[in-house]
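As the structure lists them, so they are numbered: ligands from 1, and atoms in each ligand from 1. Numbering of residues begins at 1 and proceeds along the displayed sequence.
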Amino acid sequence: MGKDLLELKKVSKFYYQKNTVATGFSKVDLKLNLGEFVVITGESGSGKSTLLNVLSGLDSYEEGEMYINGEETSGYTETDFENYRKKYIGNVFQSFNLVNSYTVYQNIELVLLINGFKKSEIKEKIIDVIKKVDLLKYKNTKVSKLSGGQKQRVAIARALVKDTPILIADEPTGNLDSKSASDIMNLLYEVSKGKLMILVTHNYEQVEQYATRKLTMHDGKIVEDKFLNDSKPTETVSSFAVSRPMKNTSKLRLGIRNTFNILPKFLLLLFVYIVLTLAALGGYSALKKQSYEKSKNGYNYYFLETNPKRIVIKKNDKSPFSNTDYENIRKISNVDYILEDDLLADTRFIGVSNNYAIPLSLDTLDSQPDHVDIGRMPQNEHEAILTTRDNYPSIDTIQNSILEKDFDLRSSSFSSFAYLLEYKIKIVGVTFRSSNDSSTIQNAKLYLSNDILKDLRKSLNPLRSEITIHFNGHILDSNDGIYQVVPSRTVPRGTAYAFEDFNYMAKNNNCKNKNMTIKISNLYFDDELTVKITKTFNKRNIKSVTGTDNYEIFRQAFFVNWDDYYGLFDRPSYQSSVFVKNEQEVDNTINDLNNLGFKTLYVKDALLSTNGDFDVIVNAVMMIVVLIVIVALFFLSYFIIKIILKSRNVYFSTIRILGATRKNAKQLLKIELLTVLHIAFLLVIIFCACILNNIVNIDFIYNLIVFIKFYDYIILYIALIIISLLISIRYARQLFKDSAMNTYREEV
Ligand code: ADP
Ligand code: MG
């Protein structure tokens with residue numbers, strides 16, 4: 001059996017509508033080959049167009065078998081049909097299906113670009129084919145300005161330029177006067193030599209002289225199939241039109257051409273995008289402005305020291321700070337001093353002497369004033385000076401109860417009354433803080449060396465940690481104040497003394513010589529220690545076993561070795577604070593710190609408004625409103641853009657009829673939208689720049705956009721890109737859910 005170029009075996013095509021099934025054509029048997037000039041006639045509605053569309057691969061069929069060059073097509077995917085169309089088919093339609101906003105040249109170029117040719121290699125070919133249809137004069141004329149006959153010539157040129165073996169023309173002269181009609185038929189005959197030409201016409205007499213075969217359709221069936229004249233011998237084809245994937249440069253070129261070639265559409269889209277960009281920018285900057293106004297004065301639950309010179313830092317990798325880290329930070333020129341244990345700045349202390357207690361804040365020696373107003377400067381580690389403000393404590397109190405007195409340090413932020421240092425600090429001098437001192441702390445402030453602050457950190461860490469005891473499947477939580485782990489100098493290392501009732505948690509009611517594990521964990525680190533219980537105590541023997549006699553406090557305590565216990569907590573600092581010299585340059589300092597690998601929190605930025613809860617609610621409502629506005633804006637612009645793009649439906653179905661894949665069409669659409677977006681964004685940026693540089697003077701806009709930083713523009717830019725992509729994806733899904741032909745039909 002010789003291979004036919006096209007063969008249909010009992011092929012049927014139905015149209016399914018709501019409740020009815022319409023027949024396009026049914027049980028058609030047909031063999032078609034090169035050299036044939038097949039003319040199909042029949043009354044309107046007999047199925048001619050449907051048959052052509054199926055043969056063109058523009059529409060699917062429901063029953064029977066269709067062979068292309070001997071290959072069965074029931075397994076063909078959409079892509080296979082796209083390739084078939086690219087390689088085999090040139091279409092000419094009654095309604096031309098040209099891109100009206102393109103020139104003659106561009107219309108013909110379009111089909112070649114879609115078929116993967118490079119712009120540079122096709123010029124001659126296009127000119128040749130334009131000459132062939134006799135339109136050279138109109139090469140650069142927009143198709144919308146041509147007459148019907150001329151338009152059909154362009155369509156024929158476009159069908160020819162790909163050099164496909166099959167030409168399919170559906171009533172190509174249906175819209176033409178009789179003179180142009182006979183010219184077009186003649187042209188079709190000329191260009192179809194050696195190819196398979198399939199032509200539908202109402203006017204058979206007009207083509208009688210060319211036809212080699214006549215098919216008549218009636219009611220979806222072929223009722224006559226007559227071979228005429230000298231039907232040339234059939235031959236099989238082995239080489240077809242070249243088809244490659246569309247070049248990216250061609251996509252870009254077409255996308256950009258499409259952006260601008262319908263000016264009203266471009267301006268409308270541009271307008272929508274500019275409004276979208278301005279609205280997003282406006283909402284965004286209004287929010288930023290509002291939050292800035294609030295940050296100017298405020299408080300924060302976590303930060304007692306809200307000094308605008310303070311930057312809290314952590315390491316990016318969450319590791320503790322090393323001395324090298326601190327050295328590097330000190331090299332930054334705007335850095336005044338570092339408080340290595342940052343949490344100290346936010347902890348309230350009490351200094352307690354024999355007969356006086358004073359609320360205190362702690363700071364590092366590095367920030368200590370260089371003179372005292374009363375008393376003297378310290379001479380060793382354990383001597384310190386105080387700074388005070390607002391005449392508190394009074395000079396009398398200072399002289400009688402503070403100067404040259406020894407003080408213990410306690411924490412007042414934690415419920416525990418533990419002494420924090422094993423030694424006393426002697427206060428030897430007092431400086432009155434000036435009103436331009438930038439510290440926001442009201443308390444008296446005590447300045448201690450970094451070594452002492454380190455000791456303090458070690459003893460504060462247990463207060464900031466969760467401590468649990470794990471034993472025989474039990475987990476005891478020491479933070480609820482019932483169970484305690486108590487460091488003791490009398491307990492040997494690696495061991496623990498437990499309260500007697502603890503026996504009940506052990507197997508055989510005996511905990512002695514069994515191991516228990518103390519686990520600690522806090523924001524920054526975890527650790528654990530396993531110790532052996534060697535002794536138990538009760539009310540009677542607590543003094544002799546542990547050395548303390550306060551049974552009421554320690555009745556449920558575990559005593560462990562002092563060094564074992566503090567060994568768990570003896571860590572370098574994980575969070576420090578940098579204080580800058582010049583507050584105005586804090587942004588640069590933050591940048592420098594980030595570049596060194598530190599995470600920063602500028603305390604001033606983290607402040608809450610002093611108006612309290614009400615403001616938190618207002619803020620949340622504002623955020624929600626802005627969010628709703630943005631979402632509404634998105635849908636609004638989506639619908640507007642969709643309406644604008646509706647005029648593009650014909651374009652996109654046309655390029656699909658010419659062989660563009662769904663994906664190509666989507667990409668072209670994306671390029672078009674993104675191009676408009678970029679222009680809109682650029683215009684808005686230029687506008688903002690003009691306002692910021694006082695080239696244009698609009699105060700209220702100026703006051704809004706000064707708050708927008710470079711990275712805000714980037715965020716906005718990315719958001720707009722995402723919106724554009726979402727719109728093009730949604731639009732493309734709607735546009736392309738149907739076959740190319742259906743979309744086209746609905747539009748024309
Ligand atoms: P012709 O081109 O010979 O005038 P068509 O091929 O357009 O005829 O139509 C053949 C039959 O299929 C007609 O009965 C027509 O109503 C039906 N038909 C064509 N296109 C559709 C469609 N998209 N949906 C439903 N029915 C259709
Ligand atoms: Mg028709």
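The closest approach between S46 and ligand 1 falls below 4.0 Å for a heavy atom of the residue. Taking 4.0 Å as the cut-off, T23 counts as a neighbour of ligand 1 on heavy-atom distance.
Proximity to S44 (heavy-atom distance under 4.0 Å) selects the following atoms of ligand 1: 4 (O). Of all the atoms in ligand 1, the ones that sit under 4.0 Å from a non-hydrogen atom of T50 are 5 (P), 6 (O), 9 (O), 10 (C). Those atoms of ligand 1 that come under 4.0 Å of a heavy atom in G24, given as number and element, are 10 (C), 11 (C), 12 (O).
Considering E43, E224, K48 in turn, E224 is the only one that fulfils the side chain to side chain donor-acceptor pair (under 3.5 Å) rule with T216. None of E7, M66, K9, E65 except one satisfies the side-chain contact (heavy atoms from CB on, under 4.5 Å) rule with E72; the exception is E65.
Counting heavy atoms only, Q17 comes closest to atom 25 (C) of ligand 1 of the residues H218, E171, E43, Q17.
Among the atoms of Q94, none of the N, O or S atoms falls under 2.8 Å from the Mg ion (ligand 2).
With hydrogens and angles left out, the side-chain atoms of N53 and T50 include no donor and acceptor closer than 3.5 Å. For the residue pair Y102 / E109, no side-chain donor-acceptor distance below 3.5 Å is found, with atom types taken as modelled. K251 and N248 share a donor-acceptor pair across their side chains, judged by distance under 3.5 Å alone.
For A22, no nitrogen or oxygen atom sits less than 3.5 Å from a nitrogen or oxygen atom of ligand 1, counting backbone and side chain alike.
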Assess whether side-chain contact (heavy atoms from CB on, under 4.5 Å) is satisfied between T141 and Q150, documenting all intermediate values.
CA-CA 11 Å; T141 307; Q150 288 167 328; over 6 Å; no
